[in-house]
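Some notes on the structure that comes next.
Start at 1 with the first residue, then count along the sequence. Predicted model only: the values in this text are computed from it and were never measured.
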Amino acid sequence: MSQGLSVSDVVNVQVVMSPLAAAVRNFGALLILGDASVIDTDERLRQYSTLDAVAADFGSSAPEYKAADLFFSQSPQPSIVYVGKWARAATSGRLLGGALSASEQALSNFTAIADGAMDISVDGTSNNLTTLDFSGATNLNGVASIITTALAGAAAVVWDSVYSRFVVTSITTGATSAVSFADAPATGTDISGLLGLTSTDGGRRVTGVSAEALVDAVQALANKSNDWYGLYVAASAVPESSDVLAVAAFVEGASPSRIFGVTTQDAAALDGTLDTDIASQLKALLYKRTFVQYSSSSAYATASLFGRAFTVDFTGNNTVITLKFKQEPGVAAETLSESQAAALAGKNCNVFVAYNNATAIVQQGVMANGYFFDEVHGTDWLQNSIQTAIYNLLYTSPTKIPQTDAGVNQVVATIDQQLEQAVANGLVAPGVWNAPGFGALAQGQTLAKGYYVYAPPVADQAQADREARKAPTLQVAIKLAGAVHFANVIVNVNR
């Protein structure tokens with residue numbers, strides 16, 4: 001029977017959902033790069049929000065944990081850290097089994113088997129394991145040990161209780177090191193599926209790799225994810241100066257922007273007559289995206305600096321900070337002579353130092369070229385904030401932004417919104433413009449709002465640019481708020 005005419009013939013209503021806007025990058029995310037075998041070169045990095053989670057994977061003695069400890073020990077506490085993999089030495093091929101459920105982990109599943117068997121290939125050689133007796137196993141580690149013995153030195157098997165899986169690792173290293181998925185045997189009780197080692201169990205194979213240079217690992221992680229902003233290396237051995245310089249060079253030119261932190265324990269940094277230390281070398285290269293801290297007591301001190309800087313919320317009000325005068329929980333303050341402190345300052349090398357009034361502070365909070373950390377950090381956020389906002393204006397608009405003065409004014413208004421937030425968070429403030437002017441801005445003029453945006457008329461645009469649908473080049477002037485680091489006071493006394 002007919003339901004009657006459609007209401008849409010009279011009133012037609014459609015719901016159009018606008019696309020989700022692109023997000024601004026997280027400028028509080030640190031990547032700790034280490035060489036522990038916990039993470040493989042296929043996975044490359046893991047995200048952590050607590051120190052306990054890092055400890056569960058790496059233990060409390062690993063360099064990755066020690067750096068994360070200082071990072072999370074800051075107050076207020078940063079919220080996220082990534083740990084990445086550097087194949088400092090050649091790695092072994094591995095088979096990571098699928099995660100076993102609680103019922104699948106029941107020991108009785110294994111102790112009932114006295115004639116277990118499976119076929120598994122290691123480094124291209126088939127291993128036909130038979131007569132595996134698990135009846136006497138007391139835990140899953142014992143099950144893994146029985147299989148390791150049967151592999152007769154070809155590979156080792158462990159039970160990973162954190163991720164509830166068995167892991168088979170070849171004893172060889174390099175590009176030819178590999179472990180295949182397990183298959184059912186010709187005879188005996190098949191245990192390949194019980195262990196979660198078949199190709200259908202949700203596990204994965206990782207082929208070994210040759211040793212890689214530190215900069216190659218950083219490049220791989222940069223290609224892997226844009227989610228991290230800061231970089232700190234915490235490996236089983238201190239990287240060579242040549243490795244540090246190579247990473248600094250990459251970070252300096254990388255896109256999107258990142259910051260690299262280095263800790264030095266080289267006493268040569270304290271001597272103003274020497275220029276062989278890493279701080280002197282980085283300063284000579286004028287790198288603005290790498291900073292150094294000297295610490296005689298902690299090889300991971302710079303992770304604490306990252307932790308304090310990365311608590312800044314650029315979307316808040318009056319939230320930006322300077323690193324000078326800050327604390328480093330877990331790092332012993334240096335007791336320095338005036339000449340040693342001057343040597344570090346001359347090399348743009350930061351330090352957590354004790355003063356004779358029973359306080360200790362970070363000084364000076366600078367990059368290798370002398371720029372202040374908070375200025376580089378803040379302007380990186382501002383660049384990304386403006387870029388993302390303009391992209392979202394174009395991306396989420398239900399209609400086009402016209403190539404007219406009115407359309408360009410929409411872009412200008414979008415930039416204004418981001419600059420207003422830069423004033424609100426304390427990065428930008430009113431002041432005198434002391435650089436060459438443009439548009440209506442002249443040198444020596446006061447920026448009453450702390451910023452100025454200039455858009456030339458569309459009519460003045462080159463025809464080729466108009467045909468390419470480009471907006472006229474927009475120019476922005478901002479006055480950084482800066483920070484007070486020193487004070488001179490003259491007291492005049494009259495009797």
Side-chain angles (χ1 to χ4, degrees), residues 14-27 219-229 249-259 286-289 314-315 371 375-423 425 427-428 433-443 445 447 449-480:
Q14 298 184 45
V15 176
V16 179
M17 300 289 289
S18 37
L20 296 175
V24 175
R25 289 178 65 201
N26 184 351
F27 287 88
Q219 290 171 346
L221 284 157
N223 292 332
K224 176 96 174 169
S225 172
N226 288 335
D227 293 338
W228 58 274
Y229 172 67
F250 170 74
V251 170
E252 194 71 14
S255 180
S257 60
R258 306 182 195 272
I259 286 179
L286 299 177
Y287 286 141
K288 78 167 189 177
R289 298 200 165 278
F314 288 105
T315 65
Y371 286 8
E375 293 178 345
V376 176
H377 190 200
T379 53
D380 278 351
W381 162 79
L382 183 59
Q383 177 274 333
N384 182 249
S385 179
I386 292 173
Q387 180 184 60
T388 305
I390 296 175
Y391 179 86
N392 284 333
L393 171 68
L394 303 175
Y395 175 58
T396 63
S397 176
T399 60
K400 68 180 181 180
I401 305 298
Q403 199 174 5
T404 62
D405 288 338
V408 172
N409 283 338
Q410 292 186 55
V411 180
V412 171
T414 300
I415 296 174
D416 279 343
Q417 290 178 347
Q418 311 315 307
L419 294 173
E420 287 169 6
Q421 180 55 39
V423 173
N425 64 34
L427 176 66
V428 173
W433 182 254
N434 292 317
F438 52 85
L441 177 64
Q443 188 168 356
Q445 185 175 342
L447 289 176
K449 296 191 297 184
Y451 64 87
Y452 166 70
V453 183
Y454 171 66
V458 171
D460 294 344
Q461 189 176 28
Q463 184 63 25
D465 287 344
R466 177 163 182 79
E467 292 173 355
R469 296 198 166 188
K470 296 179 182 178
T473 298
L474 305 174
Q475 292 175 268
V476 179
I478 63 170
K479 189 71 178 181
L480 293 176

Do N26 and D227 have side chains that approach each other closer than 4.5 Å (heavy atoms only, starting at C-beta)? no
Can you tell me how far the CG atom of L419 sits from the CG atom of L382, to the nearest 0.5 Å? 6.0 Å
For a quick test of your reading: what N or O donor-acceptor pairs under 3.5 Å do the side chains of residues 450-466 make, sequence neighbours left out?
residue: Y452; atom: OH; partner: A440; partner atom: N; Å: 2.8
residue: Q461; atom: NE2; partner: K470; partner atom: O; Å: 2.5
residue: Q463; atom: NE2; partner: E467; partner atom: OE2; Å: 3.2
residue: R466; atom: NH1; partner: Q403; partner atom: O; Å: 2.9

Please determine whether side-chain contact (heavy atoms from CB on, under 4.5 Å) holds for the pair L427 and Q421, giving the CA-CA distance in whole Å, both sets of side-chain angles, and the decisive distance to 0.1 Å. CA-CA 9 Å; L427 176 66; Q421 180 55 39; over 6 Å; no
Which heavy atom in Q410 sits nearest to a heavy atom in P402, and how many Å separate them? NE2-CD, 4.0 Å
What are the two closest non-hydrogen atoms of W433 and A442, and how far apart are they? CD1-O, 4.1 Å
About how many Å separate CG of N425 and CD of E420, when rounded to the nearest 0.5 Å? 12.0 Å
If you take all heavy atoms of A249 and Y287, which pair is closest and at what distance? CB-OH, 3.4 Å
When every non-hydrogen atom of T396 is compared with those of P19, the smallest separation belongs to CG2-O, 3.8 Å
Taking T379 for its side chain and V376 for its backbone only, find out whether a donor-acceptor pair lies under 3.5 Å. yes
If I take atom CD1 from residue I478 and atom CD1 from residue I386, how far apart are they, to the nearest 0.5 angstrom? 7.5 Å
So does R289 pair up with D380, basic N to acidic O under 4.0 Å? yes
Here the gap from T414 atom OG1 to I401 atom CD1, rounded to the nearest 0.5 Å, amounts to 7.5 Å
Using a 4.5 Å cut-off on heavy atoms from C-beta on, say whether the side chain of V408 contacts that of P472. yes
For D405, what residues pass the side-chain hydrogen bond (donor to acceptor under 3.5 Å, both in side chains) criterion, not counting sequence neighbours? none
Can you list the steps and then say if N226 with R258 is a side-chain contact (heavy atoms from CB on, under 4.5 Å)? CA-CA 9 Å; N226 288 335; R258 306 182 195 272; 3.4 Å; yes
Between atom CG of L393 and atom OG1 of T388, what is the distance when rounded to the nearest 0.5 Å? 12.5 Å
Aromatic ring pairing W381/F314, orientation class (parallel under 30°, perpendicular over 60°, tilted between): parallel
For the side chain of H377 and the backbone of F27, is there at least one donor-acceptor N/O pair under 3.5 Å apart? yes
Once you round to the nearest 0.5 Å, how far does CG of D416 lie from NZ of K449? 5.0 Å
